[in-house]
Amino acid sequence: MAFFRRYCRNRNYVTGPGRVYEFFIRGHNAGESLMCGIIGYANADARNIAVPLLEGLSRLEYRGYDSAGIAVSGTDLTVYKHSGELEMLIERVPESGPSGAVGIGHTRWSTHGPPTDENAHPHTDCTDRVAVVHNGIIENARGLRRALEANGHTFDSQTDTEVIPHLIEAELDRSTAPETAFRNAVSQLEGSYAVGALIEGEAAIYATRHRSPLVLGLGDEWYYLASDVPAFLEYTNRVIYLEDGQVATIRPNALTVTNEDGSPTQPLAETVDWDTNAAKKGGYPHYMLKEIYDQPTAIEWCLRGRVGTPTDSVAIRSMEPLDRPEQIHFVSCGSSHHASLYGAQLLRERGIPAYAFLASEYDPGSIPIDDGTLVVAVTQSGETADTLYALSGAMEAGATTVAVTNVVGSTAARKADHTMYIRAGPEVGVAATKTFASQLVALSMFSSTLTDSWTPSLKQALCDLPGQIQQILDKSTMESIATDFLGSDAFFFIGRSYNAPVALEGALKTKEITYEHAEGFAAGELKHGPLSLVTDETPVIALWTAGADPAAMRTNIREVAARGAPVVVVTDSPGSAPEVADRIDVVPKTHPWTSPVLVNTSLQLFAYRIASALGRPIDKPRNLAKSVTVR
Ligand code: F6R
């Protein structure tokens, strides 16, 4: 955010809502979007409303960052947009610009159209009276567009979003009142969407959502609209999560929310208890590193009120009504899938048949599901389309469902029958770090509670985790180990038992942020194919901690050493580590169930150091976005 502060300082701007702004805007054009971040702001005193809009966008860039734009409604409706990162938009916006009390903005992650100026949001209608930002996919856009074009509307892009301003325009042409015009327009949309719209001459933002997140931030005499809380958390933690179909009309000093049928409603304001600083970089060069270092606190939050001293009782309120299920299906993607593999193993060992499915491959039609089946959606964002789709399928098939998520009020949390929050705090870096660690901790509590199998030693181990992670962060040797192996052809990660999912996670993290080739394997699988890739240019990071079969793991490590691979052993027992180890990274001793959290911390540092040495854009790896809201 330094660039933003510098920008404001150079121009004598103040950066807090409720203060007086001095600022800019104008321009125009059209586009489409999917993953993306939405911001909106309404404040009667906001002469420079572009400041909070750009600041909000800078906090939402993790949702998409290949083009950005803003629109402000004052005397005129003014739009600025630009392809590339937010700095490009800031350069385009002049120092003085139109005043306005309401504005919207958008940062985009392209899926359908290339990241051009034309495809950046906001999109406008034929006469530039309407500006729209949108996340999601309008599935019937083609038909709507054909009908609009037949009625004389002209389009600037081939994108789906652009139909929305034209639909609103068509309503306005029929002299429909602005809010009704917005409502009538969105009622024609099929698909998933979060939409914010401005209409010329109206000091109001019109907003709605359907299967895409949208949250309001409440101030004393101002409001924010955003796709995620960190966009405005510095200024308010009082929020309203819009429900599917609700329409919010946000004016400076006045907010109304109506249901899909137009009836007024008074949604409950909630307080988000995230630390404001948790949403910022806090002096670290990257969010990812900050979030790795946040882990001791994140895990304390996850445990708080659930596990105190080893003799405390465990309270997971959200789980109280759950009966012991006959079987459990985990549905999840990426890092969350790795956490689910771990959770499923713990449950199987406690006597419940449990399986981790990739959400994108979950097909309730081909798997017997009944009311004895518990389906657990593990998703830090609570918005991953593949996971939500699997969750819906499971619900339709009659399963009881649980969401294990980080985001209060997220779609998964609201959809599932029960929710367990992992309480990791906001995670901005695209790569999952503290949320993965908190998922492991949450799933160990989940499985112990569900199977009534808590032991004092596990409670003690969980309570010790924050301090032990801190030890690793303070003294890890992974930085120098990683540096020694820069320039390798590939990196392989191997582990057994609870460490097998961590090997997959270590490889995912490495490939994701370093752009180097990395693979993770259950160690026993090496000899069934991957061993042919092993050479003296492929370091193998072997996870050697309590819980895995030491004899078998020793054999697997010797197999790679015999092929000349440099071996890095991550272990809690350096004295017993295989003699073929070239480098040893020591983690504290703990319970076998908590060991993966410690081992994973070392692997995070390994990946981070390589990416940092290679100068990669660690918080925003190419082609990726934080919240994957498309299937
Ligand atoms: C990897 C990563 C992704 C996510 C995956 C699921 O670092 O972050 O693999 O784990 O996209 O996301 P959630 O947990 O939000 O459903």
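Whatever order the structure lists them in is the order used to number ligands and atoms, beginning at 1. Only a predicted model underlies this, so the values are computations on that prediction, with no experimental measurement involved.
Every atom of ligand 1 is numbered from 1 in the order shown, and the set under 4.0 Å from a heavy atom of K509 is 1 (C), 7 (O). Here is the list of ligand 1 atoms found below 4.0 Å of a heavy atom in S336: 10 (O), 13 (P), 14 (O).
Of the polar atoms of E512, at least one N or O is found under 3.5 Å from an N or O of ligand 1, judged by distance alone. Looking at G334 next to ligand 1, no N or O pair under 3.5 Å apart turns up. Looking at ligand 1, you'll find an N or O of S335 within less than 3.5 Å of one of its N or O atoms.
A donor-acceptor pair under 3.5 Å is absent between the side-chain atoms of H286 and the main chain of G429, judged by distance alone. At distances below 3.5 Å, not a single donor-acceptor pair connects side-chain atoms of D417 with backbone N or O atoms of T400. Looking only at distances, no side-chain donor or acceptor of N600 sits under 3.5 Å from a matching main-chain atom of V502.
Looking only at heavy atoms of the protein, atom 11 (O) of ligand 1 is closest to V628 CG2, 4.0 Å. In terms of protein heavy atoms, atom 15 (O) of ligand 1 is closest to S381 OG, 2.6 Å. Among protein heavy atoms, atom 16 (O) of ligand 1 sits closest to T384 OG1, 2.5 Å. Nearest protein heavy-atom contact of atom 6 (C) of ligand 1 is C333 O, 3.4 Å.
Here H337 has no heavy atoms under 4.0 Å from ligand 1, in either its backbone or its side chain. Contact annotation for V430 and ligand 1: only backbone heavy atoms (N, CA, C, O) come within less than 4.0 Å of the ligand. Contacts of E383 with ligand 1, taken as heavy-atom pairs under 4.0 Å, are absent altogether.
In summary, the side chains of E383 and T411 do present a donor paired with an acceptor at a separation below 3.5 Å, with no hydrogens or angles considered.
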task: Go through the steps to decide whether E291 and K434 satisfy the test salt bridge (charged side-chain N to carboxylate O under 4.0 Å, His left out), and finish with yes or no.
output: CA-CA 6 Å; E291 286 156 4; K434 62 178 177 175; 5.2 Å; no
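V597 places none of its side-chain heavy atoms less than 4.5 Å from the side chain of Q468.
The only option from I240, I39, L216 that meets the side-chain contact (heavy atoms from CB on, under 4.5 Å) definition with L225 turns out to be L216. Here the rule is side-chain contact (heavy atoms from CB on, under 4.5 Å) with L214, and of L242, D228, V195, T208 only L242 fits it.
Ligand 1 does not have D386 within reach: every non-hydrogen atom of the residue lies 4.0 Å or more from it.
Legend: residues meeting side-chain hydrogen bond (donor to acceptor under 3.5 Å, both in side chains) with Y293, ordered by chain and number and at least two apart, are absent.
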